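Model, not experiment: these values are computed from the prediction.
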Amino acid sequence: AKNELYFLYGTLGNLYRIIGKPKKAIRYLNICLDMAKKEGNVRREVVSLIRYGEALKYDHQHLMALEVFNEALQKVKEHQLHLYEDFVLQHKGKCLVELGKLEDAETCFIIALKLRKIKKEVSLINSTEQALDFVDRLKTDSLP
């Protein structure tokens with residue numbers, strides 16, 4: 001029953017974020033995060049942190065989202081959950097782009113790209129390469 005609830009709350013949270021209702025998304029994803037923490041399931045906690053951070057970003061709470069992504073990154077490193085590191089870095093990078101911190105964003109994307117090349121996941125590699133191109137264009141556009 002707990003697994004089903006976790007899945008349902010996570011799905012509701014993601015769907016609310018997708019349809020532009022980040023406050024509701026945050027509420028459900030926070031429940032997921034609490035469930036994962038109480039369970040002591042660090043993998044679920046990392047996934048929940050990523051989703052929660054995304055919802056915060058969509059709610060224009062970028063600094064809070066950044067804290068959440070940093071917490072996820074810390075958990076990934078503490079518990080050797082390297083499978084998720086590229087995802088955290090990708091989302092953190094996007095958040096940094098929206099904050100105008102292009103150098104920091106680029107660093108996140110470069111590390112994510114290296115990890116994704118190791119995974120040999122073509123769609124993920126493409127996604128990160130597009131993000132790097134976007135940062136490059138933004139940097140070029142901001143030159144005097």
Side-chain angles (χ1 to χ4, degrees), residues 3-37 39 41-144:
N3 283 342
E4 287 171 13
L5 272 179
Y6 174 83
F7 173 79
L8 289 172
Y9 287 135
T11 302
L12 277 171
N14 272 342
L15 292 174
Y16 275 122
R17 178 185 56 79
I18 290 166
I19 64 167
K21 297 187 186 248
K23 298 256 187 267
K24 283 187 176 185
I26 288 166
R27 190 176 330 131
Y28 285 108
L29 295 170
N30 220 342
I31 294 169
C32 278
L33 185 55
D34 286 343
M35 289 174 82
K37 284 180 178 179
E39 234 178 80
N41 187 329
V42 184
R43 187 191 63 74
R44 274 190 178 171
E45 195 176 335
V46 168
V47 170
S48 297
L49 284 166
I50 294 169
R51 290 174 171 173
Y52 179 53
E54 267 299 277
L56 288 166
K57 187 177 71 122
Y58 275 79
D59 196 40
H60 308 290
Q61 297 184 54
H62 290 82
L63 294 177
M64 179 95 160
L66 212 49
E67 283 180 32
V68 170
F69 292 135
N70 285 333
E71 185 182 339
L73 213 47
Q74 186 182 335
K75 295 252 177 236
V76 160
K77 290 178 183 194
E78 273 174 28
H79 299 273
Q80 279 88 46
L81 295 169
H82 302 297
L83 198 62
Y84 298 99
E85 190 170 1
D86 60 313
F87 289 104
V88 178
L89 287 164
Q90 182 85 2
H91 287 289
K92 180 180 175 181
K94 287 194 266 183
C95 190
L96 287 164
V97 166
E98 290 182 24
L99 283 167
K101 297 177 184 274
L102 301 181
E103 298 296 327
D104 293 340
E106 188 174 43
T107 301
C108 285
F109 292 138
I110 288 168
I111 298 167
L113 184 60
K114 284 179 186 167
L115 294 170
R116 287 177 167 190
K117 283 182 174 175
I118 292 167
K119 281 183 174 181
K120 296 183 171 89
E121 292 270 349
V122 176
S123 64
L124 296 178
I125 291 167
N126 290 342
S127 166
T128 306
E129 285 175 342
Q130 286 170 6
L132 278 166
D133 289 344
F134 183 67
V135 168
D136 245 12
R137 282 197 305 276
L138 287 175
K139 284 167 65 177
T140 304
D141 291 348
S142 67
L143 291 174

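Applying the salt bridge (charged side-chain N to carboxylate O under 4.0 Å, His left out) test to every pair with at least one member in residues 47-65, sequence neighbours left out, gives these pairs: K23-D59, E54-K57, K57-E98. Among residue pairs with one or both ends in residues 24-36, none qualify as salt bridge (charged side-chain N to carboxylate O under 4.0 Å, His left out); sequence neighbours excluded. Screening residues 66-75 for side chain to side chain donor-acceptor pair (under 3.5 Å) gives E45-K75, N70-K92, Q74-E78 as the qualifying pairs, with residues at least two apart or on separate chains.
Rounded to the nearest 0.5 angstrom, L73 CG and L49 CG are separated by 11.0 Å. Summarising the geometry, atom CD1 belonging to I26 is positioned 4.5 Å from atom CG belonging to L56; distances are rounded to the nearest 0.5 Å. Within the model, atoms CG of L66 and NZ of K101 stand 7.5 Å from one another, a figure rounded to the nearest 0.5 Å. Annotation: the span from L113 atom CG to S127 atom OG amounts to 10.0 Å, rounded to 0.5 Å. Atom CZ of R43 and atom CG of L83 lie 9.0 Å apart (nearest 0.5 Å). The distance from atom CG of D86 to atom CD1 of I125, rounded to the nearest 0.5 Å, is 10.0 Å.
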Worksheet item: Going through the checks in order, is the side-chain contact (heavy atoms from CB on, under 4.5 Å) test met by R116 and F87?
Response: CA-CA 9 Å; R116 287 177 167 190; F87 289 104; 3.4 Å; yes
Worksheet item: Is there a side-chain contact (heavy atoms from CB on, under 4.5 Å) between K139 and R137 once you walk through the steps?
Response: CA-CA 5 Å; K139 284 167 65 177; R137 282 197 305 276; over 6 Å; no
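Under the rule for a side chain to side chain donor-acceptor pair (under 3.5 Å), T107 has no partner lying at least two apart in sequence or in another chain. The ring-ring contact (aromatic ring centres under 6.0 Å, His included) check on Y16 picks up Y28, with sequence neighbours excluded. For the side chain to side chain donor-acceptor pair (under 3.5 Å) test, residues two or more places apart in sequence or in another chain that qualify with S48 are Y6.
Considering only heavy atoms from C-beta on, R44 comes within 4.5 Å of N3 through its side chain. F109 places none of its side-chain heavy atoms less than 4.5 Å from the side chain of E129. Contact of the L102 side chain with the E106 side chain is not registered, since no non-hydrogen atoms from C-beta on lie closer than 4.5 Å. With a 4.5 Å cut-off on side-chain heavy atoms, P22 and Q61 do not count as touching. Side-chain atoms of K114 and I118, non-hydrogen and from C-beta on, never get closer than 4.5 Å to each other.
What you find for F69 and C95 is that their closest heavy atoms are CE1-CB, 4.0 Å. Heavy atoms only, all atoms of each residue included: I50 and H91 are closest at CG2-CD2, 3.4 Å. Between L29 and Y9 the shortest heavy-atom distance is CD2-O, 4.5 Å. Closest heavy-atom contact between A55 and A25: CB-CB, 4.0 Å.
Around atom NZ of K119, more than 12 heavy atoms belonging to other residues, nucleotides or ligands sit under 6.0 Å away.
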